[in-house]
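In this chain, residues are counted from 1 in sequence order. Indexing begins at 1, ligand by ligand and atom by atom, following the structure's order.
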Amino acid sequence: VIEEGVPEHSVVTTCAYCGVGCSFEAQMKGDKLVRMVPYKGGDANHGHSCVKGRFAFGYATHKDRIREPMIRDSIDQPWRAVSWEDAIGFAARRLREIQAQYGRDSVGGITSSRCTNEETYLVQKLIRAALGNNNTDTCARVCHSPTGYGLKTTLGESAGTQTFDSVMKADTILVIGANPTDAHPVFASQMKRRLRQGATLIVADPRRIDLLRTPHGGQGLHLALKPGTNVALVNALGHVVVTEGLEDTDFIARRCDTEGYQRWRTFISDPRHAPEAVEAETGVPAARVREAARTYANANNGAIYYGLGVTEHSQGSTTVMAIANLAMATGNIGREGVGVNPLRGQNNVQGSCDMGSFPHELPGYQHVADPEIRQRFEAVWNATLDDEPGLRIPNMFDAAINGTFKALYVQGEDIAQSDPNTQHVESALSSLDCLIVQDIFLNETAKYAHVLLPGATFLEKNGTFTNAERRINRVRRVMPPIAGKEDWEVTQDLANALGYPMHYSHPSEIMDEIASLTPTFTGVSYQKLEQLGSIQWPCNDDYPLGTPTMHGVDFPIGKGHFAITEYVATEERVNPRYPLLLTTGRILSQYNVGAQTRRTANSAWHSEDVLEIHPVDAEDRGLRDGDWLGIRSRVGHTVLRCLVSDRMAPGVVYTTFHHPGSGANVITTDNSDWATNCPEYKVTAVQVEKVSQP
Ligand code: SF4
């Protein structure tokens, strides 16, 4: 509670943490927040909330908030507080000087999945229209970019297929590489309700997640695969479906590219994909894989939910496509209770991707190389657009180290802590001539910055977030921005200072422009959001009230496309020097790098990251709970405390990534998804040994 007392009025807004997108009533006394109460009319949460959304908003008034703009000429100098005008003028001047010296492509920007759709749209517009290149990327690069690639390739749209409510019609729920209880708690409660009603649960995850403890209709199949073997496992499920005649031949004939299906059928029928053939590789008993495949394929409604345990791999995109293959082969697409559903980690991962943050796509996933699409944007934006895709985040880092990329504008993202191989990221950031950070706190990235622009929290701004079920929810301003400006206003000021005019007076005008340029958003407006409460895109002439379930009649690409998903083992293998595989995840009370939740009372529940290690591996090393452990990978070394746990198999260790300094990313590698460069956070070969207290 920020202010004691009886509330006088309330404002309905949207939680800024995870991709469930719960609606809350911010109960106010004057312009002070008294408490956050889950909103019964919320379409995603129906009056429920978790501990993060309910109590972890106190960071909004934390003493660490940046309250005034600051600049400095070099990172070894102290910060100078300046006016907004001076800070923005300084940033614009440096960007133009750098472009004049090193070329148009020497600058770029990174958008945030924590910011609103409107803010994200403006940042990518500034990069493309004001700075004249496509060097814009999003932090979704490091989480769900393989979802975008994989689902667009197979189903034709870069988004999950269902509403959350759809799970109440699922008979079998297959969870792959996700831990909803900790990462998506309100949706996990809904899943648990359905399981208690008798739905069957299958979990494919290296760790025994809490969901498996929920009583349900089946045996609670746990496919405890070795990290990095998702494709081998999902292919094995597909192999059983095809070789045991469990396909939905009618769905395939009506809805899918049948020639492509025959190619996939030949591929997946090969004995090398049989559960018995990959048992040693995946570590999952073949009989269990066969039982899982039969249970999923024979269900009236089989629904798949997956998370970062699928995407953050060198074959993240391949696994997403293998999952879509499985759903199409069994006819589990296009109605309630089924589908392929990515569980997005941050509040606006879906939105940041929809809004054109990727270097190859304008808003609505429209490719920059298409001249007709570019012309439409050029006419509205009054700018000439580059037809070449720009740099992805890892390419920006490499180019910075090579000396060809010199300035970066980062809105709401702590790349120094959240991106893999911290030493490499720090080397890139310290090579920049100008780093502009717009954030609510002096984060790890800000250590390398030359300009600090104070950000606004979700309580201080108007806009929209889009959750994991494509639901566009309103974010409503509850209190004035602590430094006087909402984030979209700052980006607009920067564009104007660069000589590119922007004159929006409210985020609703930005949404109107988005709707005019994005085919899946043409029916979206703030007025309609007020009427309906929320809207699931596509919302256009064909679907004026939005689309709860996608692909009911056809796919945006016409027929569903089966992709060939060959398993290629990751380069990150164990050996005598690094004999354990480290994988990572989240905990309920904390959120991502913890910048917000660590500044609230939630920290009392989780004050440090620890390393979970199996009793057998602990005994081999003489380890006990609470011991300090040195964890060494090929790229780095960190120290964490020990927690002996049998939730993983022997040979696998696990940690979270909510605290800086000791965090997992000091030791994660540069390996990344072949299609999207999403880092392989989930597999790192390590050695663990007892050390004295750091
Ligand atoms: Fe809902 Fe997620 Fe916020 Fe919890 S953190 S209240 S589940 S949106």
Those atoms of ligand 1 less than 4.0 Å from some heavy atom in Gly53:
3 (Fe), 6 (S)
Would you call Asp439 and Arg65 a salt bridge, using N to O less than 4.0 angstrom?
no
One finds that the ligand 1 atoms under 4.0 Å from a non-hydrogen atom of Val186 are 1 (Fe), 7 (S)
Counting C-beta onward and ignoring hydrogens, is there a side-chain heavy-atom pair between Thr457 and Ile440 closer than 4.5 Å?
yes
Side chain or backbone of Cys15 under 4.0 Å from ligand 1, or both, or neither, by non-hydrogen atoms?
side chain
Ligand 1 atoms nearer than 4.0 angstrom to some heavy atom of Pro185 are 7 (S)
Using a strict threshold of under 4.0 Å (side-chain N to carboxylate O), is an ion pair present between Glu25 and Arg35?
no
Classify the angle between the aromatic ring planes of Tyr305 and Phe187 as parallel (below 30°), tilted (30 to 60°) or perpendicular (above 60°).
tilted
Would you say the side chain of Gln411 lies within less than 4.5 Å of the side chain of Thr491, judging by non-hydrogen atoms?
yes
For Tyr17, the ligand 1 atoms with a heavy-atom partner under 4.0 Å come out as 5 (S)
Any atoms of ligand 1 less than 4.0 Å from a non-hydrogen atom of Phe24? List them with their elements.
6 (S)
Knowing that exactly one of Thr319, Thr147, Asn341 qualifies, which makes a side chain to side chain donor-acceptor pair (under 3.5 Å) with Tyr306?
Thr147
Can you list the atoms of ligand 1 that are under 4.0 Å from a heavy atom of Cys18?
2 (Fe), 5 (S), 7 (S), 8 (S)
What residue and atom, counting heavy atoms only, is the protein's closest point to atom 1 (Fe) of ligand 1, and at what distance?
Cys22 SG, 2.3 Å
Distance under 4.0 Å to a non-hydrogen atom of Gly21: what atoms of ligand 1 satisfy this?
8 (S)
Say whether His184 and Asn179, considering side chains only, have a donor N or O and an acceptor N or O under 3.5 Å apart.
no
What are the atoms of ligand 1, with element, lying closer than 4.0 Å to any heavy atom of Cys50?
4 (Fe), 5 (S), 6 (S), 7 (S)
